[in-house]
Undergrad: 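Pasting in a structure now, in structure tokens, and then I'll have a few things to ask.
Counting starts at 1 for both ligands and their atoms, in listed order. For reference, positions follow the sequence shown, starting with 1.
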Amino acid sequence: MVKQSKKIPQAQYDVIVIGAGPGGYVAAIRCAQLGLKTACVDEWLNHAGQSSLGGTCLNVGCIPSKALLESSLLFARAKQDFAQHGIDSTAVHLDLKKMQARKEKQVKKLTQGIAALFKANKVNSYKGRGVIKAADQSAQYRVEVMDRKTQRYVAQLSATNIIVATGSSPLRLPQAPLTDHYILDSAGALELQQVPGHLGIIGAGAIGLELGSIWQRLGAKVTLLEALPDLLPMVDNEISAQAKKIFTRQGLDIKLDARLVNTLIKNRKVQVNYATDGKQHQQVFDKLVVAVGRKPNSERVFGKEFGVETNERCYIRVNKNLETTVPGIYAIGDVIGGKMLAHKAAEEGIQVARRIAAQHAGTHHGTDSAGNNAMLIPSVIYTHPEIAWVGKTEQQCNDDALDYRIGRFPLRANGRAMAMGEPDGLIKIISDTETGQILGVHIMSAQASEIIAQAVIAMEMQATVEDLAMMVFAHPTLSESLHEAALALQGQAIHIMN
Ligand code: FAD
Ligand code: NAD
């Protein structure tokens with residue numbers, strides 16, 4: 001039951017952004033920079049029950065996971081690799097409390113940084129759930145903001161343009177309902193205060209592999225139960241096959257084609273029953289993480305009498321301008337589907353801000369040339385080595401019946417990789433046979449997340465593979481492998497047999 005306060009503050013804006021994740025906060029800042037009077041409404045409460053900007057990415061996603069990935073990698077390297085460098089690390093101990101505190105500190109710094117950016121850019125920030133009501137005769141939408149703790153309306157806002165950036169939440173499985181201590185989602189798995197003896201993870205996607213890597217490096221035995229017969233089907237097959245071997249060698253126990261039957265909490269453990277090849281199996285874990293994808297937060301943002309069209313999986317439908325089926329209401333980021341990535345959400349935010357600003361200035365007609373649909377969005381999985389890719393995989397090129405050529409370069413032939421003790425992985429470039437256009441770049445290597453940006457630049461600037469082969473790369477760098485892969489495509493690699 002919603003309690004109504006006597007007098008609710010009211011304010012009118014050019015744009016109201018709902019959600020302050022990477023889509024929403026970037027959209028709000030750019031709208032304000034473009035001269036639009038902008039509000040951003042966000043309802044996130046952190047585990048201490050405090051409002052915190054930044055959405056999934058900063059609070060329970062990209063940032064805390066990368067903080068723990070970094071710390072856990074340092075720990076594992078200190079234990080396993082330092083001796084080879086002549087560094088005696090026999091007395092390395094884990095202080096998980098301190099590691100978690102460091103992660104919390106990074107999250108706090110970055111989330112508070114957004115509050116400071118809002119202030120500097122004159123974005124008015126409202127804390128609470130925003131619910132959009134149908135437009136009145138003057139095409140103004142009303143947004144009611146309700147405090148989640150007190151359930152009171154704290155503001156009534158109006159605007160002609162709304163940007164819905166409400167993100168996504170973890171998908172749940174009826175066979176593995178979440179509990180306080182034993183069956184967790186990804187946010188819970190980032191909060192563990194003790195290394196579990198045996199950690200089970202349902203789903204071997206980006207989250208499963210990143211979280212699995214963290215806890216395996218810190219000493220847990222990790223078993224991943226993946227429903228599909230192949231690991232990472234969205235990744236180029238050659239890379240995913242190498243990845244499976246490397247992750248298995250690292251100690252991740254990856255069970256493919258595993259159908260979850262049910263779970264049972266027994267003797268402070270989680271018993272998991274699953275089937276592979278028609279055979280039933282049982283495994284007992286100290287903790288179980290459910291990481292089987294995410295669903296859009298498209299429902300709690302519209303009033304009962306009003307809504308926009310969604311597809312069969314509840315993603316908000318948008319046109320190429322990212323406008324929903326209701327004029328003046330745009331949607332961006334995870335809530336519209338496609339790649340559920342922070343940088344994709346942020347770019348969509350910028351695109352919509354430009355469109356709304358141009359409309360306000362009366363200058364905008366037609367489509368945006370920087371349309372996100374045409375944008376190349378790189379993907380990264382932050383395992384070790386990292387996996388990064390942009391453009392088409394080899395299997396997609398085959399599906400599209402393209403005539404292509406491939407250049408490959410293994411990291412073990414790269415001087416810097418050897419000096420770093422990072423010989424695992426390869427760089428693969430796929431290019432159009434006739435034109436030399438780069439169709440896709442696929443990397444498994446240390447720092448692949450950094451190297452892939454070079455491929456994005458090359459592809460966005462329409463460099464051909466010959467252009468890439470003619471450029472000078474500093475020595476010794478991991479990036480030289482990209483250069484060598486381009487050379488290899490022409491049968492001209494220097495450091496491997498062509
Ligand atoms: P979100 O970040 O989900 O933000 C939506 C915001 O809207 C939230 O604050 C929510 O509380 C708020 N909200 C929802 N409904 C309302 C309402 N009615 N009123 C007010 N506020 C509302 N992506 C990467 O690119 N790189 C990574 O390394 C990466 N790592 C990840 C690791 C994990 C463990 C997870 C879970 C995700 C990761 N992602 C990563 C994905 C990334 O976090 C999302 O793609 C990104 O956060 C989507 O941004 P968004 O702005 O669309 O939504
Ligand atoms: P995902 O779609 O990447 O992987 C989920 C995996 O779970 C899939 O392999 C799927 O086949 C499997 N699965 C589904 N149902 C299952 C079941 N019943 N039993 C066993 N396996 C099952 O989703 P995710 O890993 O949960 O991540 C969610 C989103 O967050 C992704 O779309 C991703 O883009 C984003 N994310 C990105 C990064 C990154 O950019 N580095 C990191 C983490 C998350």
Undergrad: Please check if atom CD in E450 has more than 12 non-hydrogen atoms from other residues, nucleotides or ligands closer than 6.0 Å.
TA: no

Undergrad: Could you tell me the residue and atom name of the protein heavy atom closest to atom 1 (P) of ligand 2, and the distance to it rounded to 0.1 Å?
TA: G205 CA, 4.2 Å

Undergrad: Distance under 4.0 Å to a non-hydrogen atom of Y382: what atoms of ligand 2 satisfy this?
TA: 41 (N)

Undergrad: Show which atoms of ligand 2 fall inside a sub-4.0 Å distance from at least one heavy-atom site of L341.
TA: 34 (O), 37 (C), 40 (O)

Undergrad: Could you check atom 30 (O) of ligand 2 against the protein and tell me its nearest heavy-atom contact, residue, atom and distance included?
TA: R294 CD, 3.9 Å

Undergrad: Is V380 in polar range of ligand 2, meaning some N or O pair under 3.5 Å apart?
TA: yes

Undergrad: Is there a nitrogen or oxygen of L228 sitting under 3.5 Å from a nitrogen or oxygen of ligand 2?
TA: no

Undergrad: Going by the closest heavy atom to atom 21 (N) of ligand 2, which one wins out of G338, P229, P378, A227?
TA: A227

Undergrad: What atoms of ligand 2 come within less than 4.0 Å of a heavy atom belonging to L225?
TA: 20 (C), 21 (N)

Undergrad: Once rounded to the nearest 0.5 Å, what's the spacing between atom CD of E144 and atom CG of L157?
TA: 9.5 Å

Undergrad: Within a distance under 4.0 Å of any heavy atom of L173, pick out the atoms of ligand 2 and give their elements.
TA: 18 (N)

Undergrad: Can you tell me the protein heavy atom closest to atom 11 (O) of ligand 2 and the distance?
TA: E226 OE2, 2.6 Å

Undergrad: Among all protein heavy atoms, pick out the one at the shortest distance from atom 2 (O) of ligand 2; state its residue, atom name and that distance to 0.1 Å.
TA: G293 CA, 4.3 Å

Undergrad: Minimum heavy-atom separation for I162 to V143, with atom names?
TA: CD1-CG2, 3.6 Å

Undergrad: Looking only at heavy atoms of L260, does any of them come nearer than 4.0 Å to an atom of ligand 2?
TA: no

Undergrad: Testing H281, Q282, Q283, Q175 one by one against N273 for a side-chain hydrogen bond (donor to acceptor under 3.5 Å, both in side chains), which residue passes?
TA: Q282

Undergrad: Quick check for you: to the nearest 0.5 Å, what is the distance between F75 atom CZ and L96 atom CG?
TA: 10.0 Å

Undergrad: Considering non-hydrogen atoms of the protein only, which is the closest contact for atom 44 (C) of ligand 2, and what is the distance?
TA: I207 CG1, 3.3 Å

Undergrad: Identify the closest protein heavy atom to atom 33 (C) of ligand 2: which residue and atom is it, and at what distance?
TA: M340 O, 3.8 Å

Undergrad: Can you check salt bridge (charged side-chain N to carboxylate O under 4.0 Å, His left out) on R77 and E422, steps first, answer last?
TA: CA-CA 11 Å; R77 296 208 75 171; E422 299 280 6; 2.8 Å; yes

Undergrad: Which heavy atom of A176 sits nearest a heavy atom of T263, and at what distance?
TA: CA-OG1, 3.5 Å

Undergrad: Among D253, I254, I201, which residue meets the side chain to side chain contact (heavy atoms under 4.5 Å, CB included) test with V222?
TA: I201

Undergrad: I'd like to know whether NZ of K339 has more than 12 heavy-atom contacts from other residues, nucleotides or ligands below 6.0 angstrom.
TA: yes

Undergrad: Which protein heavy atom lies closest to atom 3 (O) of ligand 2, and at what distance to 0.1 Å?
TA: A206 N, 3.4 Å

Undergrad: Is the count of non-hydrogen atoms from other residues, nucleotides or ligands lying under 6.0 Å from D399 atom CG greater than 12?
TA: yes

Undergrad: Write down, by chain and number, every protein residue that brings a non-hydrogen atom to less than 4.0 Å from an atom of ligand 1.
TA: I18, G19, A20, G21, P22, G23, G24, V41, D42, E43, W44, G55, T56, C57, V60, G61, C62, S65, K66, G128, R129, G130, A165, T166, G167, S168, S186, I207, R294, R300, V301, G333, D334, M340, L341, A342, H343, A345, Y382

Undergrad: Heavy-atom count check: over 12 atoms from other residues, nucleotides or ligands less than 6.0 Å from Q156 CD?
TA: yes

Undergrad: For A291, counting its heavy atoms only, list the atoms of ligand 2 lying under 4.0 Å from any of them.
TA: 5 (C), 6 (C), 7 (O), 26 (O)

Undergrad: Can you tell me the protein heavy atom closest to atom 14 (C) of ligand 2 and the distance?
TA: V292 CB, 3.5 Å

Undergrad: Among I350, I163, I316, V318, whose side chain to side chain contact (heavy atoms under 4.5 Å, CB included) with I332 holds?
TA: I163

Undergrad: Looking only at distance, does I202 have an N or O less than 3.5 Å from an N or O of ligand 2?
TA: no

Undergrad: Kindly say whether A258 contributes a backbone atom to a donor-acceptor pair with the side chain of T276 at under 3.5 angstrom?
TA: no

Undergrad: Just do the side chain to side chain contact (heavy atoms under 4.5 Å, CB included) check on V289 and W215 with the steps written out, would you?
TA: CA-CA 11 Å; V289 177; W215 293 109; over 6 Å; no

Undergrad: Specify side chain, backbone, both or neither for E210, according to which of its non-hydrogen atoms lie closer than 4.0 Å to ligand 2.
TA: side chain

Undergrad: Please determine if K133 forms a cation-pi arrangement with Y141, meaning its NZ or CZ atom is less than 6.0 Å from the six-membered ring centre and no more than 45° off the ring axis.
TA: no

